[in-house]
Amino acid sequence: NDGDIIEVIVSFKENNTLNIVNESSITTKYYENNIIAEIKSIKKPNIKLSNANHSVKGNNGFTVTAKVKTDDKNITLLKQGNQYVLGIDLYNHPYFILNGLIVTSEEIISSKYETTITAVKENNGIIKIYINGEISNSKYKVENKDYEIIEDDIIINNINGSLTDIKVY
């Protein structure tokens with residue numbers, strides 16, 4: 001079921017490079033279609049997209065995406081406590097913050113057109129920001145590889161304009 005804890009156990013003597021491998025396991029939450037939280041559109045300000053027990057946890061990679069159409073500046077679109085933030089800066093550039101590292105897009109958000117902003121934290125620690133499916137910028141901080149994200153509520157802020165198709169996975 002969605003949100004259940006699952007354990008994956010790997011057990012074999014030799015891998016394809018002939019290295020001896022001991023039994024290993026990981027425990028993680030199962031999310032249907034890998035979607036932790038999502039909402040099509042919001043109607044009121046500062047809504048809780050999901051509770052802490054249904055949020056990003058651990059040091060694995062994750063993705064946050066939303067469609068935006070606004071002239072608002074210096075705003076947070078979505079955040080999970082103090083763990084990560086997706087927003088728009090003072091100059092209308094989308095940004096993503098993780099563990100003190102900020103990656104900012106060169107593109108400008110406007111109410112003239114809808115823009116899909118996607119932020120990614122990869123397992124190797126790199127963070128990236130995509131605009132309409134195209135990479136816009138990336139930054140690396142070696143500590144982000146093992147940075148443990150703590151479960152917390154995922155909050156969405158309302159904006160003047162539209163904020164739709166929000167997903168965390």
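The basis for the numbers below is simple: all heavy atoms, side chains too, and nothing from hydrogens, waters or symmetry mates.
For the ring pair (Phe, Tyr, Trp, His ring centres under 6.0 Å) condition, the pairs that include at least one residue of residues 84-127, sequence neighbours left out, are F62-Y84.
Counted within 6.0 Å of CG on N82, heavy atoms from surrounding residues, nucleotides or ligands total 12 or fewer; the atom is thus considered open. Counting heavy atoms of neighbouring residues, nucleotides and ligands inside a 6.0 Å radius, atom NZ of K73 does not exceed 12 of them. Other residues, nucleotides and ligands contribute over 12 non-hydrogen atoms within 6.0 Å of the CG atom of N46. Counting heavy atoms of neighbouring residues, nucleotides and ligands inside a 6.0 Å radius, atom CD of E106 does not exceed 12 of them.
In this structure, K121 contributes its side chain and N144 its backbone to a donor-acceptor pair below 3.5 Å. The backbone N or O of K57 lies less than 3.5 Å from no partner atom in the side chain of E148, so there is not a single donor-acceptor pair. Remark: the backbone N or O of T76 is paired with a side-chain donor or acceptor of N157 at under 3.5 angstrom.
Atom CD1 in I75 sits 8.5 Å away from atom CG in N92 (nearest 0.5 Å). How far CD1 of I35 is from OG of S50: 12.5 Å, rounded to the nearest 0.5 Å. Rounding to the nearest 0.5 Å gives a distance of 8.5 Å between OG of S110 and NZ of K69.
Looking at heavy atoms from C-beta onward, T70 lies in side-chain contact with I88 at the 4.5 angstrom threshold. The closest side-chain heavy-atom distance from N59 to I149 is not below 4.5 Å. Using a 4.5 Å heavy-atom threshold, the side chains of S136 and I131 count as touching.
The hydrophobic cluster containing Y130 also includes V120, I135, under a criterion of side-chain heavy atoms closer than 4.5 Å among ILVMFWY residues, counted directly or through chains of members. Other members of the cluster containing I150 do not exist, because no ILVMFWY side chain is joined to it at under 4.5 Å.
Here the closest heavy-atom approach between residue T104 and residue I102 is recorded as OG1-CG2, 3.6 Å. The heavy-atom pair separating I36 from S55 by the smallest distance is CG2-CA, 3.6 Å. For the residue pair D152 and G81, the shortest heavy atom distance occurs at OD2-CA, 3.2 Å. Of all heavy-atom pairs between S111 and D71, the closest is OG-OD2, 2.6 Å.
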Just list the side-chain donor-acceptor pairs under 3.5 Å for residues 160-169, sequence neighbours left out, or say none.
unit_1, atom_1, unit_2, atom_2, d
N160, ND2, D72, OD1, 3.2
D165, OD1, K40, NZ, 3.4
D165, OD2, K67, NZ, 3.4

**OP:** For N124 and E122, run side chain to side chain contact (heavy atoms under 4.5 Å, CB included): C-alpha distance rounded to whole Å, both residues' side-chain angles, the deciding distance at 0.1 Å, then the answer.
**Re:** CA-CA 5 Å; N124 65 5; E122 293 187 357; 3.4 Å; yes

**OP:** Test T115 against E107 for side chain to side chain contact (heavy atoms under 4.5 Å, CB included), laying out the working first.
**Re:** CA-CA 10 Å; T115 304; E107 283 72 24; over 6 Å; no

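Follow the hydrophobic side-chain contacts under 4.5 Å out from L86 and you reach L49 in the same cluster. Using a 4.5 Å cut-off between side-chain heavy atoms of Ile, Leu, Val, Met, Phe, Trp and Tyr, with links allowed through other members, I126 and L101 fall into different hydrophobic clusters.
Put simply, the residue from I117, I156, V85, T65 that forms a side chain to side chain contact (heavy atoms under 4.5 Å, CB included) with L78 is I156.
When the side chain to side chain contact (heavy atoms under 4.5 Å, CB included) test is applied to D153, the partners found at least two apart in sequence or on another chain are K48, N51, A52, I155. Remark: E151 engages K29 in a salt bridge (Lys or Arg N to Asp or Glu O under 4.0 Å) (not counting sequence neighbours).
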